[in-house]
Protein chains: 2
Amino acid sequence: MAGRAAVPEVIWARPERTGRGPRPAYTRADIAAAAVRIADAEGLDGVSMRRVAAELGCGTMSLYNYVPRKEDLYELMIDAIGAEHVIQEPSGDWRADMLRNAMETRAIMHRHTWVPRLMSGVYGFSPNSLRYLEHCLECLEPLDLPYATKTELVALLNGVVTTYTSNEIATAERTRSMPWSEEEENAVRIAYLGSQVATGAYPRLAAAFMEQSGPIDLEGVFRRALERVLDAFDPERR
Amino acid sequence: MAGRAAVPEVIWARPERTGRGPRPAYTRADIAAAAVRIADAEGLDGVSMRRVAAELGCGTMSLYNYVPRKEDLYELMIDAIGAEHVIQEPSGDWRADMLRNAMETRAIMHRHTWVPRLMSGVYGFSPNSLRYLEHCLECLEPLDLPYATKTELVALLNGVVTTYTSNEIATAERTRSMPWSEEEENAVRIAYLGSQVATGAYPRLAAAFMEQSGPIDLEGVFRRALERVLDAFDPERR
DNA sequence: AGCGCACTACGTACGCTGTACGTAACTAGG
DNA sequence: CCTAGTTACGTACAGCGTACGTAGTGCGCT
């Protein structure tokens, strides 16, 4: 009657403990913490079922009692990270509050650089995600807009945060894995881009590159993007 | 002297043909096309070096003459998809043009649902990417802003397009892989969310869900997000 | 109280992955 | 013409996710 449990089952719908059988040796929090520890230390590719099981000190296949598919392990990791959000009383200034939320998310991602890679392809309704979403809505209380628009604001803002931080991390890791200095790397890049631009096929691109001088202020770029998005929803700014 | 080629070498910097040795049997375009064909038909996970080689009709390891790492194969795929952008003369209305570009990107992604998954972690300076970027800057010619700001606009817009379309695709694939009807799936989801909301921990979330009725107009949500972003850069709108 | 079943634990095994390495054939530049 | 650099590709290895089978454990129901 119950039939086969279909693939897309969401882990948060499963009870952590059913009551029957031996007491589980680990909690979901234990498992998530172990996986996070590995990802922080060795990168996301270091997170394999075998490796996590070893970190916990149990057999590989025992993990599958807790986590039916690896994807669900990822879900646990994202939720665990979500716990790092410090929910604090809204100030009444929704722009400031949302900006703070965004900056905190960015900081968390820089602390756990594997998070953006996991953000796409994850269900998005973990307990801590719900908690964070609720908090955002609370911060937006002073804003007189329907909830539909407010959720659109939150979604847009979160999307921007993820995209931008993801790019920051990718760039940072690219330059980190360089055997050469950053200057040399830039030289190589400029050389390639220069060779393309020199064909004359990309005049505006060339102009854009000429215009820019010195290193880019990544945090500045990020903040400006956020301000733009907030502007777009601010009744006093339009 | 030349030493080991370091890992992060960019494939676009390599010449496709050096002149020495036997004439290569395939072009980069051939390889990209084969990989794209597989990804379209069997999903991105179907794209393995062996599978692509088989599709081309050559030995697995021969592929490594063309593509030093699998990541570079992904780069080829993204570039191949970029060729589907129809570059047309700017109309003079930069908002309309950019909106068209965004909608076209979205359409391409819906045609090749694996694209968003690849977009993060890819270098982003393939020939067709440059071509598209140049075209965007051309569309923005009527807008009186420094190039730095214009590139920020393009980046923000592209980020939004990728994020939103990625979500659309994820949702679509989730419901597609359901053995149940969409209604039933919604019922299950509501049941879970309901159970969470019923705890009283998420009053605003609950209100937001109550407010919404009927299915969401995804394209509408997308268009509205785009308009917001464009608003944020439109001098006449502030 | 005690039976039975649902659960935990985990070893083995399968099919798959990316790719390092070695060898043979080939061709363009000096 | 020769030879160095390239293409082609078979073999092999380490690692992956996970299906499956078996043994042990303790809650819930009768």
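Naming convention: chains lettered A, B, ... in sequence-line order (proteins, then strands); numbering from 1 in each chain.
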Would you kindly give the [atom1]-to-[atom2] distance between [X] and [N], to the nearest whole Å?
X        : N       : atom1 : atom2 : answer
Ile38(A) : dC16(D) : CD1   : P     : 11 Å
Asn65(A) : dC20(D) : CG    : P     : 15 Å
Tyr26(B) : dT6(D)  : OH    : C1'   : 16 Å
Arg14(A) : dA6(C)  : CZ    : P     : 15 Å
Tyr74(A) : dC16(D) : OH    : C1'   : 11 Å
Tyr64(B) : dA20(C) : OH    : P     : 7 Å
Leu63(A) : dT18(D) : CG    : C1'   : 12 Å
Glu42(A) : dG15(D) : CD    : C1'   : 14 Å

In chain order, what residues pass the side-chain hydrogen bond (donor to acceptor under 3.5 Å, both in side chains) check against [X], with sequence neighbours excluded?
X         : value
Arg28(B)  : none
Ser126(A) : Asp79(A), Ser129(A)
Tyr74(A)  : Lys70(A)

Between protein and nucleic acid, restricted to nucleotides 27-30 of chain D and to nitrogen or oxygen atoms under 3.5 Å apart, what atom pairs and distances do you find?
unit_1  : atom_1 : unit_2   : atom_2 : d
dC27(D) : O4'    : Gly19(A) : O      : 3.4
dC27(D) : O3'    : Gly19(A) : O      : 3.2
dC27(D) : O2     : Arg20(A) : NE     : 3.4

Quiz item: Which pairs with one or both residues in residues 156-165 of chain B pass side-chain hydrogen bond (donor to acceptor under 3.5 Å, both in side chains), sequence neighbours excluded?
Solution: Thr163(A)-Thr163(B)

Quiz item: With respect to the side chain of Thr60(A), which nucleotide from dC10(C), dT18(D), dT8(C) is positioned closest?
Solution: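 Looking only at heavy atoms from C-beta outward on Thr60(A), the closest nucleotide is dT18(D).
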
Quiz prompt | Residue Cys58(A), side-chain heavy atoms: nucleotide from dG26(D), dC10(C), dC9(D) that is nearest | solution =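 In terms of side-chain proximity for Cys58(A), the closest of dG26(D), dC10(C), dC9(D) is dC10(C).
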
Self-check item: Contacts of His112(A) that satisfy ring pair (Phe, Tyr, Trp, His ring centres under 6.0 Å) - sequence neighbours left out
Solution: Trp114(A)

Quiz item: Of all residues at least two apart in sequence or in a different chain, which pass the ring pair (Phe, Tyr, Trp, His ring centres under 6.0 Å) check with Tyr132(B)?
Solution: His85(B)

Please list each protein N or O that sits under 3.5 Å from an N or O in nucleotides 12-17 of chain C, with the distance.
unit_1  : atom_1 : unit_2   : atom_2 : d
dT17(C) : OP1    : Ser48(B) : OG     : 3.0

Practice problem: Just grab all the salt bridge (Lys or Arg N to Asp or Glu O under 4.0 Å) pairs involving residues 40-66 of chain A, residues at least two apart or on different chains. | Solution: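 As it turns out, the salt bridge (Lys or Arg N to Asp or Glu O under 4.0 Å) pairs with a partner in residues 40-66 of chain A, which skip direct neighbours, are Arg37(A)-Glu55(A), Glu42(A)-Arg51(A), Asp45(A)-Arg117(A), Arg51(A)-Glu55(A).
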
Quiz item: Are Ser62(A) and dT8(C) close enough that a side-chain N or O sits under 4.0 Å from OP1 or OP2?
Solution: no

Self-check item: Tyr66(B) side chain near dA8(D) phosphate (N/O to OP1/OP2, under 4.0 Å)
Solution: yes

Exercise. Determine the contact category for Ala25(A): base if any of its heavy atoms lies under 4.0 Å from a base atom, sugar-phosphate if only primed atoms, P, OP1 or OP2 are that close, otherwise nothing.
Key: sugar-phosphate

Quiz item: Considering the terminal five base pairs at each end of the helix from dA1(C)-dT30(D) to dG30(C)-dC1(D), what angle separates the two local helix axes, rounded to 10°?
Solution: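 It comes to 20° between the two terminal axes.
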
Quiz prompt | Those residues that, when tested against Arg17(A), pass salt bridge (charged side-chain N to carboxylate O under 4.0 Å, His left out) (two or more places apart) | solution = none

Quiz prompt | All salt bridge (charged side-chain N to carboxylate O under 4.0 Å, His left out) counterparts of Arg223(A), not counting sequence neighbours | solution = Glu219(A)

Self-check item: Note, Arg111(A) side chain near Glu84(A) side chain (heavy atom, < 4.5 Å)
Solution: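 A side-chain contact exists here, since the closest heavy-atom pair is under 4.5 Å.
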
Quiz item: Between Arg106(A) and Phe222(A), is NZ or CZ placed under 6.0 angstrom from the six-membered ring centre and within 45° of the ring axis?
Solution: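 Yes - Arg106(A) lies over the ring of Phe222(A), closer than 6.0 Å to its centre and within 45° of its axis.
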
Exercise. Quick one: do Thr27(B) and Asp30(B) satisfy side chain to side chain donor-acceptor pair (under 3.5 Å)? Show the steps, please.
Key: CA-CA 5 Å; Thr27(B) 65; Asp30(B) 292 336; 3.2 Å; yes

